[in-house]
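Worksheet: the structure to be examined is printed underneath.
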Amino acid sequence: MGSFRKFRKSLKYSLIVLLVRFILFSVRLLPWKWTSYAFGQLGLFAFYIVKKESRRTIKNLTIAYGGEKSPAEIRQMAKEVFMNLGRSAAELAIKWHVHDKETYFSNVEVVGRENAVAAYERGKGIINIVPHLGCWEALAKAYTLQGFSAGAVVRTSKMKS
């Protein structure tokens, strides 16, 4: 790899780290409505900057919806994916710093907690299958605030760009 490519890659990751630090700091200063809008716009900005990921998103959406949606509709959906990622990042950053149960769950509905409690009382574990909807990354903390221990099983995506 050439020295310019190494420099560019290093600069890219340094900027990503700065952006994450900015998110962690700024989300605690703004009202949620503003934060949601601002980080949705940052996600849209990322759509135009991180071209490889944008193309991958468009490719995957084309595979899923190519027969139903036009290329323009798929491109718009891809932009919305990036905007949602921005909003989810902000929500995760906010929730990460919340340590009391009442505040954490002020905008989250917990359904079926009694089933989890009953399984734990019988000495059984629980397997949750979680879709990638909304801010699903915040679930680990949600479980611990509910009094449960949690772990995750994942696998690396084999998808090529």
inquiry  = Please report the interatomic distance CZ(Arg75) to CG(Leu61), rounded to the nearest 0.5 Å.
reply    = 12.0 Å
query = Would you call Lys141 and His99 a side-chain contact if the rule is heavy atoms closer than 4.5 Å?
reply = yes
query = Would you find a donor on one side and an acceptor on the other, under 3.5 Å apart, between the side chain of Gln41 and the backbone of Ala38?
reply = no
inquiry  = Applying side chain to side chain contact (heavy atoms under 4.5 Å, CB included) to Glu91 and Trp32, what does each step give before you reach the verdict?
reply    = CA-CA 8 Å; Glu91 184 176 356; Trp32 169 245; 3.8 Å; yes
query = If we only count heavy atoms from C-beta on, is the Val111 to Glu109 side-chain gap below 4.5 Å?
reply = yes
query = For Lys6, does its backbone N or O pair with a side-chain atom of Ser10 as donor and acceptor, under 3.5 Å?
reply = no
ask   = Donor-acceptor pair, Ser106 side chain versus Thr103 backbone, under 3.5 Å?
value = yes
ask   = Is the CZ atom of Arg8 crowded by more than 12 outside heavy atoms at less than 6.0 Å?
value = no
Heavy-atom closest contact (Gly40 atom, Met83 atom, distance) = O-CG, 3.3 Å
query = Heavy-atom distance under 4.5 Å between the side chains of Lys101 and Phe105, does that happen here?
reply = yes
task = Would you indicate whether Phe148, at its atom CZ, is surrounded by more than 12 heavy atoms from other residues, nucleotides or ligands within a distance under 6.0 Å?
result = yes
request  = Kindly compute the distance separating CE (Met77) from OH (Tyr65), expressed to the nearest 0.5 Å.
outcome  = 4.5 Å
Atom pair CD/OH of Gln146 and Tyr120 - distance to nearest 0.5 Å = 11.5 Å
key: Flag for Asn107-Lys95: side-chain donor and acceptor within less than 3.5 Å   = yes
remark   = dist Lys12:NZ -> Arg5:CZ (nearest 0.5 Å) comes out at 11.0 Å
query = If you take all heavy atoms of Val98 and Ile94, which pair is closest and at what distance?
reply = CG2-O, 3.4 Å
ask   = Do Leu44 and Phe82 come close enough that some side-chain heavy atom pair is under 4.5 Å?
value = no
key: Pairwise distance CD1(Ile16) to CD1(Ile49) - rounded to 0.5 angstrom   = 11.0 Å
task = For residues Tyr48 and Lys79, determine if any side-chain heavy atom of one lies less than 4.5 Å from a side-chain heavy atom of the other.
result = yes
request  = Mind telling me whether Phe22 and Phe39 have parallel, tilted or perpendicular rings, with 30° and 60° as the class edges?
outcome  = tilted
ask   = Judged by modelled atom types alone, do Asn60 and Thr57 share a side-chain donor-acceptor pair under 3.5 Å?
value = no
request  = Any chance you could measure Ser54, atom OG, to Lys59, atom NZ, to the nearest 0.5 Å?
outcome  = 14.5 Å
task = With side chain to side chain contact (heavy atoms under 4.5 Å, CB included) as the test, would you mind laying out the steps for Ile58 and Thr62 before giving the verdict?
result = CA-CA 6 Å; Ile58 289 169; Thr62 300; 4.0 Å; yes
Heavy-atom neighbours of Glu114 CD exceed 12 at 6.0 Å = yes
request  = Please tell me if the side chains of Val81 and Phe47 come closer than 4.5 Å, counting only heavy atoms from C-beta onward.
outcome  = no
inquiry  = Counting C-beta onward and ignoring hydrogens, is there a side-chain heavy-atom pair between Leu42 and Leu19 closer than 4.5 Å?
reply    = yes
key: Closest non-hydrogen atom pair, Thr35 against Ala90   = CG2-CB, 3.6 Å
ask   = Phe7 and Leu15: same hydrophobic cluster, using ILVMFWY side-chain contacts below 4.5 Å?
value = yes
key: Heavy-atom side-chain proximity of Glu73 to Glu68 below 4.5 angstrom   = no
